[in-house]
Amino acid sequence: MRKIFSVVLVTAVFFVLSANTAVARRNERRLTDYINNMEVCRVCILDFKNSSGNADASPEVHRQMLVNALRQRTSHNFMIVDNPSEADIVVNADIKKFLYSEEDPVYDGIIGMGMTPVNPAGLAMDIAMDQNYVENDIEYDITDSKGRKLWNGTVDSNVTKSDMPLNDAVELVGQRSARNLFMKCFKKDR
């Protein structure tokens with residue numbers, strides 16, 4: 001009786017988790033399918049909000065990095081517009097977390113080869129290296145012109161680099177955030 005109960009429980013958990021994954025995959029495809037049907041997609045990127053409480057977050061720089069990344073994309077033809085009523089999609093973003101540090105956090109796993117929890121050499125190397133660190137979490141809401149949700153989610157990004165002043169750090173993490181956003185919301189079918 002215990003074995004049957006265990007098998008039923010494991011099977012139920014499996015189906016519940018796989019159903020959530022399928023729903024998430026379908027939601028991620030909605031934006032890509034919507035844009036693929038257009039020759040030119042007009043995008044309005046609203047001013048980024050900054051609820052991180054950190055004045056260094058520079059929402060206008062993050063917005064500009066996303067605008068630049070959209071203009072440089074070759075897989076889709078994006079045109080940036082200022083008025084949401086003229087747009088096919090509207091991007092609304094809120095910087096939830098922004099952190100810049102002169103010192104790289106110990107063992108963040110961002111220095112390259114050999115970084116595993118069981119590799120003491122990688123840990124020693126991370127401690128010994130003098131690097132700057134920046135990270136952010138940005139919550140995106142992407143809607144169509146009628147306000148219907150096409151995609152939403154949080155994109156977290158970080159950059160570790162030697163000799164990275166704050167101004168460079170904001171631009172670099174903004175570029176990384178735009179790239180991570182594209183990877184999350186413009187996934188191709190497997």
Side-chain angles (χ1 to χ4, degrees), residues 20-21 24-25 27-28 31-32 43-76 78 80 82 89-143 149-188:
N20 287 341
T21 304
R25 200 175 301 130
N27 287 340
E28 289 168 355
L31 178 61
T32 305
V43 180
C44 177
I45 302 173
L46 301 175
D47 291 338
F48 277 41
K49 297 179 191 93
N50 181 13
S51 61
S52 70
N54 189 337
D56 294 333
S58 301
E60 61 282 345
V61 173
H62 280 83
R63 181 187 181 280
Q64 188 59 47
M65 293 298 108
L66 181 57
V67 167
N68 294 347
L70 282 169
R71 286 185 175 143
Q72 294 170 357
R73 254 184 102 73
T74 57
S75 61
H76 295 96
F78 292 107
I80 307 300
D82 293 328
I89 64 172
V90 178
V91 178
N92 195 359
D94 185 9
I95 302 172
K96 295 290 187 181
K97 176 182 177 184
F98 182 84
L99 172 70
Y100 172 75
S101 175
E102 297 279 332
E103 297 176 7
D104 175 27
V106 173
Y107 204 74
D108 59 356
I110 310 177
I111 66 160
M113 294 178 18
M115 293 301 296
T116 63
V118 294
N119 186 350
L123 179 59
M125 190 175 181
D126 192 24
I127 292 171
M129 293 187 74
D130 185 25
Q131 295 181 315
N132 304 126
Y133 177 80
V134 63
E135 74 174 284
N136 69 11
D137 291 347
I138 302 178
E139 185 178 295
Y140 290 95
D141 287 316
I142 301 176
T143 60
K149 179 175 72 167
L150 296 172
W151 189 88
N152 71 324
T154 301
V155 175
D156 51 333
S157 307
N158 55 41
V159 178
T160 300
K161 184 178 175 187
S162 298
D163 192 29
M164 182 175 57
L166 179 61
N167 292 340
D168 293 347
V170 172
E171 284 188 21
L172 288 171
V173 79
Q175 292 169 355
R176 176 82 44 94
S177 292
R179 189 177 78 217
N180 290 346
L181 173 66
F182 295 153
M183 287 186 341
K184 277 191 165 191
C185 69
F186 293 121
K187 288 183 179 179
K188 300 225 182 215

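Side chains included, hydrogens not; waters and symmetry mates left out as well; all remaining heavy atoms used.
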Considering the options T143, L181, D141, which one meets the side-chain contact (heavy atoms from CB on, under 4.5 Å) requirement together with W151? L181
Using every non-hydrogen atom in the two residues, find where [X] and [Y] come nearest and quote the distance to one decimal.
| X | Y | result |
| --- | --- | --- |
| M164 | N132 | N-OD1, 2.6 Å |
| V134 | A169 | CG1-O, 3.7 Å |
| C185 | T32 | O-OG1, 3.3 Å |

Mark yes or no for whether N136, through its side chain, and K97, through its backbone, hold a donor-acceptor pair below 3.5 Å. no
Applying salt bridge (charged side-chain N to carboxylate O under 4.0 Å, His left out), name anything that partners K49, two or more places apart in sequence or on another chain. none
Output all residues satisfying salt bridge (charged side-chain N to carboxylate O under 4.0 Å, His left out) with D94, sequence neighbours left out; order by chain, then residue number. K96
For S157, check side-chain hydrogen bond (donor to acceptor under 3.5 Å, both in side chains) against everything at least two apart and list the hits. S177, N180
Tell me every residue that passes side-chain hydrogen bond (donor to acceptor under 3.5 Å, both in side chains) with N167, counting only those two or more places apart in sequence or in another chain. none
Pairwise distance [atom1]([X]) to [atom2]([Y]) - rounded to 0.5 angstrom:
| X | Y | atom1 | atom2 | value |
| --- | --- | --- | --- | --- |
| L70 | H76 | CG | NE2 | 11.0 Å |
| L66 | R71 | CG | CZ | 10.5 Å |
| M65 | I45 | CE | CD1 | 11.5 Å |

Residues in side chain to side chain contact (heavy atoms under 4.5 Å, CB included) with A57, at least two apart? N50, S52, I95, F98
Enumerate the salt bridge (Lys or Arg N to Asp or Glu O under 4.0 Å) contacts for residues 58-67, please, sequence neighbours excluded, ordered by first and then second residue. D47-R63
Using a 6.0 Å distance limit plus a 45 degree cone around the ring axis, check whether R73 lies over the aromatic ring of F182. yes
